[in-house]
Student: 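I am attaching a structure below and will ask some questions about it afterwards.
Chain letters run A, B, ... following the sequence lines, proteins first and then strands; every chain starts at 1.
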Number of protein chains: 2
Amino acid sequence: MQEKAKRPRRARRLPREVRERQILDAAVEVFSANGYHAASMDEVAEVAEVSKPMVYTYLGSKEDLFAKCIRREAKRLLDAVAEGVDTDMPPDMQLWSGLRSFFSFVGDNRSSWLVLHRQALSVGGSFAEEISQMRARSIELVAAVVVATGTRQGIGEEAEKSAEGLAAALVGAAESLAVWWLDHPDVSDGLLASWLMNLVWLGFGDLVKGEVWTPNFPAPT
Amino acid sequence: MQEKAKRPRRARRLPREVRERQILDAAVEVFSANGYHAASMDEVAEVAEVSKPMVYTYLGSKEDLFAKCIRREAKRLLDAVAEGVDTDMPPDMQLWSGLRSFFSFVGDNRSSWLVLHRQALSVGGSFAEEISQMRARSIELVAAVVVATGTRQGIGEEAEKSAEGLAAALVGAAESLAVWWLDHPDVSDGLLASWLMNLVWLGFGDLVKGEVWTPNFPAPT
DNA sequence: AAGTAAACCTACCGGCGAGTAGATTACGGG
DNA sequence: CCCGTAATCTACTCGCCGGTAGGTTTACTT
């Protein structure tokens with residue numbers, strides 16, 4: 001019987017700052033795996049290699065913790081995208097760069113993406129609100145690019161009015177493609193971005209030129 | 001003290017069939033409102049105006065209940081879309097009709113849509129699997145339409161290879177637009193479908209014709 | 001009217017998980 | 001080397017919720 005009791009049970013003490021980071025990392029992992037409600041604080045603590053009271057002491061309640069996860073990951077994502085986009089570029093290049101950055105981030109940070117995309121929306125209350133607003137902001141940014149293209153080329157009011165809808169569709173397409181990517185990882189982020197650009201930009205372009213698709217119902221005889 | 005005990009407490013007894021329907025309706029409502037985990041069986045019972053044991057007797061455990069919700073609502077959605085689509089129509093009209101039916105359904109059945117889109121994915125386990133598969137099937141159907149267009153017009157292998165990705169993007173765009181719709185209800189389902197067709201179909205068309213968008217990096221001097 | 005089966009309820013149990021009390025140990029400064 | 005403080009733990013409480021036991025009422029049948 002060796003005196004196991006004497007062995008230091010856990011890693012050496014670390015400054016609060018570091019622990020907080022560890023816990024947040026663990027929380028993102030746990031939340032992304034099974035969702036907010038299914039995640040337990042015990043599990044977070046375990047993954048973070050820390051005891052539960054530390055989690056509460058440093059990060060507060062479960063809601064607090066989740067909010068902090070969301071905000072941190074959202075900021076990381078937005079920063080990553082913003083970094084790749086230069087607002088002096090022409091609109092199509094802005095979109096292209098933004099998409100590449102987005103897919104690249106998702107590829108490197110699956111958990112972050114999952115926690116933002118899947119979990120945050122399914123938690124009623126203030127988070128959903130917050131996330132929705134952030135998503136809305138993204139959509140507005142995209143819409144701005146769309147409108148910029150339009151006005152530059154003399155877009156009609158009609159199309160401008162629908163710009164936000166189109167932007168929402170584009171954002172959704174990107175998100176969906178990101179999810180699809182999880183099951184088809186043998187594709188590069190650049191290729192994904194190309195697909196979307198080809199799908200969507202040419203559509204925008206035609207819209208701008210005034211070409212429209214209209215349903216041609218079979219003429220009733 | 002009037003003999004309140006004598007007053008029939010609840011609505012008249014109803015055949016099992018009817019009750020099951022009521023309970024399922026209530027469950028969809030409750031699950032869609034706050035998600036699977038946050039929903040309580042007591043709340044379902046209350047909304048259904050039935051006592052909890054009835055829920056268990058008729059629909060089984062919480063998981064069973066949720067699964068039955070998902071399956072029923074998914075079937076309703078798929079049927080609604082299928083009903084609007086005639087596979088003899090040309091591909092663009094198929095897409096158009098499908099999109100219209102989809103948006104129409106979502107407009108009429110918000111809870112169904114929410115429970116399918118938001119909640120089902122965030123519940124780990126067999127549901128997520130099931131839902132994912134169903135979504136994958138939808139994507140394949142769309143992909144088939146895309147490919148049909150392509151081959152008819154002599155599409156290249158490259159584009160065909162990416163058809164599934166494009167289909168995923170389109171499905172995602174539609175879903176996202178549906179969500180956007182919730183915040184902007186003053187738009188008709190037909191208009192939504194038009195937007196998407198204009199955005200996407202012209203893109204497909206150009207793809208088929210061999211036109212592609214390519215990033216033109218500023219030539220390094 | 002009596003019997004029976006199905007519809008329906010009240011009232012409870014057991015466990016899980018959020019959150020906490022309070023002791024304990026390591027590190028830095030004197 | 002010793003003390004204070006920050007870091008950290010063990011070990012609990014307590015409410016909520018999934019699930020159930022077992023009885024009661026209604027409605028149909030004969």
Student: Identify whether any heavy atom of A:Thr57 sits under 4.0 Å from a base atom; if not, whether one sits that close to sugar-phosphate; answer base, sugar-phosphate or nothing.
Tutor: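 Nothing: the residue A:Thr57, judged by heavy atoms under 4.0 Å, touches no strand.
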Student: Would you kindly give the OH-to-C1' distance between A:Tyr56 and D:dT13, to the nearest whole Å?
Tutor: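 Checked: the OH to C1' distance equals 13 Å.
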Student: Between the side chains of A:Glu46 and A:Lys52, is the shortest nitrogen-to-carboxylate-oxygen separation below 4.0 Å, so that they form an ion pair?
Tutor: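 A:Glu46 and A:Lys52: not salt-bridged.
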Student: Looking at every non-hydrogen atom in both residues, tell me the closest pair between B:Gly107 and B:Arg110 and how far apart they are.
Tutor: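 Closest approach of B:Gly107 to B:Arg110, heavy atoms only: O-CG, 4.3 Å.
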Student: Which part of the nucleic acid, if any, lies within reach of B:Ala45 when heavy atoms closer than 4.0 Å are counted: base, sugar-phosphate only, or nothing?
Tutor: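 Nothing, no nucleic acid heavy atom in range.
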Student: Grab the CG-P distance between B:Leu59 and D:dG19 for me, whole Å please.
Tutor: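 So the two atoms are 13 Å apart, to the nearest Å.
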Student: In whole angstroms, how far is the C1' atom of C:dT25 from the CG atom of A:Leu14?
Tutor: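 The distance from CG of A:Leu14 to C1' of C:dT25 comes to 15 Å, rounded to the nearest Å.
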Student: Looking at A:Arg72 and A:Asp25, is there a salt bridge between them, counting it only when a charged N and a carboxylate O are closer than 4.0 Å?
Tutor: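 Salt bridge flag = yes for A:Arg72 with A:Asp25.
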Student: Should the heavy atoms of other residues, nucleotides or ligands under 6.0 Å from CZ of A:Arg16 be counted, would the total exceed 12?
Tutor: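 Atom CZ in A:Arg16 is packed in, count exceeds 12.
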Student: Would you kindly give the CD-to-P distance between B:Glu49 and C:dC9, to the nearest whole Å?
Tutor: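 Rounded to the whole Å, the gap is 10 Å.
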Student: How close or far is atom P of D:dC17 from atom CD of B:Glu63, stated in whole angstroms?
Tutor: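 From B:Glu63 CD to D:dC17 P: 17 Å.
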Student: Only pairs under 3.5 Å count here: list side-chain donor-acceptor contacts from residues 79-90 of chain A, not counting sequence neighbours, and write none if there are none.
Tutor:
unit_1: A:Asp79; atom_1: OD2; unit_2: A:Lys75; atom_2: NZ; d: 2.7
unit_1: A:Asp86; atom_1: OD1; unit_2: A:Asp88; atom_2: N; d: 2.9

Student: Could you check whether A:Ala38 gets within reach of a base, just the sugar-phosphate, or nothing at all, counting any heavy atom under 4.0 Å?
Tutor: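 The residue A:Ala38 makes no contact with any strand.
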Student: Please give me every residue in residues 20-31 of chain A whose heavy atoms get under 4.0 Å of an atom in DNA chain C, ordered by residue number.
Tutor: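 Going residue by residue through residues 20-31 of chain A, none turns out to have a heavy atom under 4.0 Å of DNA chain C.
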Student: Indicate yes or no: does B:Glu17 engage B:Arg21 in a salt bridge with an N to O separation below 4.0 Å.
Tutor: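 Here B:Glu17 does not pair with B:Arg21 in a salt bridge, since their nearest N and O are not under 4.0 Å apart.
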Student: From NE2 of B:His37 over to C1' of C:dA18, roughly how many Å is that when rounded to an integer?
Tutor: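 For the pair B:His37 NE2 and C:dA18 C1', the rounded distance is 16 Å.
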Student: I need the NZ-C1' distance between A:Lys62 and D:dC16, as an integer number of Å.
Tutor: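 About 13 Å, once rounded to whole Å.
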Student: Output yes when at least one side-chain N/O atom of A:Arg19 is less than 4.0 Å from OP1 or OP2 of D:dT8, else no.
Tutor: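 Checking A:Arg19 against D:dT8: at least one side-chain N or O falls below 4.0 Å of OP1 or OP2.
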Student: Taking atom C1' of D:dG19 as reference, at what distance in whole Å does atom CG of B:Leu65 sit?
Tutor: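 Spelled out: CG on B:Leu65 to C1' on D:dG19 is 13 Å.
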Student: So what does A:Ser40 touch, heavy atoms closer than 4.0 Å: a base, only the sugar-phosphate, or nothing?
Tutor: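 Sugar-phosphate: the residue A:Ser40, judged by heavy atoms under 4.0 Å, touches backbone atoms but no base.
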Student: Which nucleotide wins on minimum distance to the side chain of B:Asp42, given the candidates C:dA7, C:dA11, D:dC17?
Tutor: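 Among the listed nucleotides, the one closest to the side chain of B:Asp42 is D:dC17.
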Student: Please tell me which of the listed nucleotides, D:dA7, C:dT10, D:dT25, lies nearest to the side chain of B:Arg13?
Tutor: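 So the nucleotide nearest the side chain must be D:dT25.
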Student: Let's test your reading of the model: under 3.5 Å, does the base of D:dG19 pair with the side chain of B:Lys52 as donor and acceptor?
Tutor: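 Answer is yes: a donor-acceptor pair is held.
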Student: Should the pair A:Arg76-A:Glu73 be classified as a salt bridge under the 4.0 Å nitrogen-to-oxygen rule?
Tutor: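 A salt bridge is present here (some side-chain N lies under 4.0 Å from a carboxylate O).
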Student: Donor-acceptor pairs are to be reported for all side-chain atoms of residues 62-70 of chain B against protein atoms at under 3.5 Å, with residues two or more places apart or in another chain.
Tutor:
unit_1: B:Lys62; atom_1: NZ; unit_2: B:Tyr36; atom_2: O; d: 3.1
unit_1: B:Lys62; atom_1: NZ; unit_2: B:Ala39; atom_2: O; d: 2.8
unit_1: B:Asp64; atom_1: OD2; unit_2: B:Ser61; atom_2: N; d: 3.2
unit_1: B:Asp64; atom_1: OD2; unit_2: B:Ser61; atom_2: OG; d: 3.3
unit_1: B:Lys68; atom_1: NZ; unit_2: B:Leu59; atom_2: O; d: 3.3

Student: Could you check which of D:dG19, C:dA7, D:dA7 has an atom nearest any side-chain atom of B:Ser61?
Tutor: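 Looking only at side-chain atoms, B:Ser61 lies closest to D:dG19.
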Student: Of all the choices, C:dA18, D:dT10, C:dA7, which nucleotide is nearest to the side chain of B:Tyr58 once you look at every atom?
Tutor: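 Nearest to the side chain of B:Tyr58 among the choices is C:dA7.
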